[in-house]
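Written below as structure tokens is the structure these notes are about.
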Amino acid sequence: MDARKKHLASLDPWSNYDDLNQQQQQMANSSNLDYDAMIRKQMETIPLTQMNFIQQQQQLLEVNDKTPSQLWDPKTMLSNLNVMEQKIHQLQELVQLIVGKSTSMDQPNQLLIQQQQLVTADLTSIIIQLISTAGSLLPSHLPPGSYEILQLEKEEILAPHTHFCVICGKGFKRDANLRMHMRGHGDEYKTAAALAKPHKEMGSEPKIIKRYSCPYPGCKRNKDHKKFQPLKTILCVKNHYKRTHCDKSYTCSRCNTKKFSVIADLKTHEKHCGRDRWLCSCGTTFSRKDKLFGHISLFQGHTPAIPLDEPKGGPVVVHEQGDTNNNNTEGPKDVGFFDFNFNSNGASGSGVQISGEPNVCFSPMNGFQEFPRSMFEESDSLNFLLSSGSYLWKNGGESSSKDLPLLVGEVREDGNQHAVIVRRKCKIETCVKNTIVQCLGLYLVLSIWDCYLD
Amino acid sequence: MKKQKCLIQENNTSNPFDLLSEEIIFMILDYLKPNPFDQKSFSLVSKSFYSFESHHRKTLKPFPRTTTTSSSSHDHHHHHHHTTFKKLLKRYPFVTHLDLTLCPRITDTYLSYISNSCGATLKSIDLSRSRFFTHVGLSCLASKCVGLVDIDVSNGVHLNDTAAAAIASCANLERLCLSRCKSLTDIGIGCIAVGCLKLKVLSLKWCLGVTDLGVALIGVKCKQIRTLDLSHLLITEKCLPSLLKLQYLEDLALEGCCGINDESLISLKQGWKSLKTLNISHSENVTHVGVSSLTSNIGCLQNLDLAYGPLVTNAISESLRKLSQLQSIRLDGCQVMCSGLKGIGSSCVSLKELSLSKCSGVTDDGLSSIVMKHTDLKKLDITCCRKITQASIAQVTKSCPSLISLKMESCTLVSSEAFVLIGQHCQFLEELDVTDNDVDDEGLKSISKCSELSVLKLGICLNITDEGLVCIGNGCHKLMELDLYRSIGITDKGISAVADGCTTLEMINVSYCENITDSSLISLSNCSKLNTLESRGCPLITSLGLKAIAIRCKQLTKLDIKKCHNIDDSGMISLAHFSQNLKQINLSYSSVTDVGLLYLASLGCLQSMTILHMDGLTPTGLTAALLGCGGLTKVKLQSLFRILLPRLVLEHLEARGCVFQWRDKVFQAELDPKCWKLQAEDIE
């Protein structure tokens, strides 16, 4: 039963309990054998009744190389189904046998378990065969076992060159260059055949499909993985290995944040870096807003992310956590607000220095100017913006919190910090007080909250 | 309840209220709701009543009260509003609705108090009149008040996408109003679309930064949306397909969306199955072609607003034929063809509301053909349809006896006899606007038969006198709003009859009725529900009359006494004492001085003040008064004061949330009252 278990583990769809299948098993695993020769050999040895099955398999393999339009061959499909039918019948017989024997009740338990395992394995095999028959309709989806799996070692993958001279060991990125190099090692390498492109050389020989496995244990692209998905080309292997299992050593020189392990990725990124302003909460960036929104509408839970280097004018308040430390909130916030409005109004010629580039500024009024004025309601916000613009000007453009008018009602209870704030704004407070005291002899205490009943 | 009463009688010795369950006391409190003062009195009875009231209150509308004290007691510094606000929130732990419309300055600090204090009980918050808060405060709200279902941040021109992202973390939100949040972009709206999946009502009116992408995402993500206002957005047909996915959408407003044209409407292959109300008014690029295409896809539409849009031709009315459930059409400002009106008459099943305000081309013929078919009409607006005559009114009154609202301002060709017909046939009228018409006392006598009348507008009706108004006072006991603007034939006698007969009166305008004296105001003080008094240009009224109003009309919120030269500071004293609800006042050209203004500073609700051409104002007094009014959001002042007032004071006031409107208008002498009417006619 060891062989059976092995079948189970490899999940080979063509496994069965006859000789034929063991041969096939060998075939699938022996990557170095000449495929064609092996088929021929098999055909000589196997009985005629089972010929059908071999042809079947061969057809299937060939079919996989064809374009999708050629794939759908009803005859092939029919014979595939016939094969499966046969298998099902065989299984039926086995199960009937088990049923018949179990009635006598004198079976040792161990045998029963073995038989159950057998049935399960066969069922699995049939299911996989069914899937692969249907799956063969898909162009790039090869049924497992129908291709040769190659696994390059880590060193090979990470080596800068893939083509090495057998004589001197010099490495090349391209085989053509290697061939040119080989000419230097002797006349035998100068023949037309040696110089021709290798795959043309092969001519009409049926090609064994090669797929690659990643050497990293546990990776889905590793052949030992349960749901192994092979990689198509060596380049895929290289890129996959570097992207997934290597450090990202190439950093974008523009943004200094994005890192890549494949240099081509870096180059692609650098082409767009800086232009990908549209960011999703998942971290994906987009060069166009509509692409971002398309992405967001497709995925659940993804949200447009607000870029960190947003507007200088955007309120960037860091204080205010809980009740204790919120004394400074007015100051910097208002500065930001006014600053931002000032920018968007672009009060030219004022000579005020504005921190931050105006074009980086997140101006809500950008759109505003593009449309006919008549469209807009009489905007008191505009008035407000203008007045706040001049506000900054009056303060000589020094948008620091000490120039902000004190909000008389906002005097705070808590000790030192309160004192600092009051002192900072002292100038204004006294001014306000004096005005009142001078003219009316009254002192105002402002802003006491009360409840207005509805 | 009966059992409880018996119990009370048996145990006379102890406090009967101890026997009442909390539920019952809460029920009693519910009865007190209509008058806020009753609730306040209730809470002042005893400690337990105070606590009952605190626990019962669900709605809170705080205002920043300012007080003047005669000496500089520094202790008062510590009674600053942060602490008081905290106390207030502590007093009412079960508040679910917080209305901050009287607080122009709400900083993040306040929002953090609110979120800590109210927590998950808070369901709704109105920040539409407040500024100075940012995403920081909103995140506080979102994180602590997880029960929030309703947020109004309209007019938040300062709010950016970060703020929207903060709102987006209120996952339970069902209603969100973002009107005029002009700094928001698609990114912010995108956050909201993804975060607030339970949204049912969303207004993005005037959010000019929002485009197709943001709106389309709303359509994809917020499946529950019932009401969507996209008015004045720069959206195109690109967002419409995804809006079609909103299967519960009932009310869609696309007012003034210039990017939407005929082609976009035609491109919609399917319509909204659920849509009941559609507003595509002010869409200059939509003609009858687009409307026809659209309406053919919305089977169950009930209300359609096409105001200031397409030319109303037969083609439009043909397209309405498919709308079997259509009840109301608004065609205000459209150019109307007679055939179009006739078509509407024949194609619509049964209209309940029709608005043709300022429609050019409405003729007797067209209007009559409509009303003859739609005899069930409840509301008709034919404001400024200047071609119609008595014939139309005769037909309207004859065909539509169940009319409850008729607005016919400036239907100048309609003769006085027509108004008699209104009174004879339309007994159920609740609202009648005959401003600037030839209605006379005979007409009013007839109209007074409409006993259900609650809104009556008789502005610039130069032919009416006290005789007619007395009839109204005797007949229309349910009157709530009466407009007598420039109806110069009215004197105290008429007003007194109205005040006696219509005690439920809430709004009255007697502006420029020059013969009105204090006696009118004294009789109007009988109307305890009065909240709006406009008596502009009544030179005979004095502070005495105003005092009567102030004392008895506690609900007064809006007062216009411009050009009442005889009103002085003493009038302000009474207002300061009694009119705690006053929000808006116009004192221009009155004799009020610094002192009077300073008294007004004790009115915490006061938000808007117009104080032009007042001789008694000095910069220093004005400064004190303005600083005293903590809740001011709008002040109209002569530009002279811009220089005279200390710059830092103005800055301080602006930082507190007050907007100044500087006026340069020179003093204008009053025109001849009759001349007004002539001028109006000249304009045509």
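- Interatomic distance, CD1 of A/Ile306 versus CG of B/Asn160, reported as 7.5 Å (0.5 Å rounding).
- Heavy atoms closer than 4.5 Å to chain A are found nowhere in B/Ser242, neither backbone nor side chain.
- Residue B/Tyr599 places its OH atom among 12 or fewer non-hydrogen atoms of other residues, nucleotides or ligands, all under 6.0 Å distant.
- Once rounded to the nearest 0.5 Å, the distance linking NZ of A/Lys289 with OG1 of B/Thr211 reads 4.0 Å.
- The CG atom of B/Leu213 sits 10.0 Å away from atom CZ of A/Arg288, with the distance rounded to the nearest 0.5 Å.
- Under a 3.5 Å cut-off, the side chain of B/Lys221 and the backbone N or O of A/Ile296 do form a donor-acceptor pair.
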- Task: Verify side chain to side chain contact (heavy atoms under 4.5 Å, CB included) between B/Val194 and A/His302, making sure each step is shown before the conclusion.
- Result: CA-CA 7 Å; B/Val194 175; A/His302 291 218; over 6 Å; no
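- Between chain A and the residues B/Ala216, B/Gly190, B/Cys191, the largest count of heavy-atom pairs under 4.5 Å involves B/Cys191.
- Of the inter-residue distances, the one linking B/Ile187 atom CD1 with A/Phe293 atom CZ reads 4.5 Å to the nearest 0.5 angstrom.
- Heavy atoms from other residues, nucleotides or ligands lying under 6.0 Å from NZ of A/Lys248 number 12 at most.
- Only the side chain of B/Leu217 comes within contact range of chain A, judged by heavy atoms closer than 4.5 Å.
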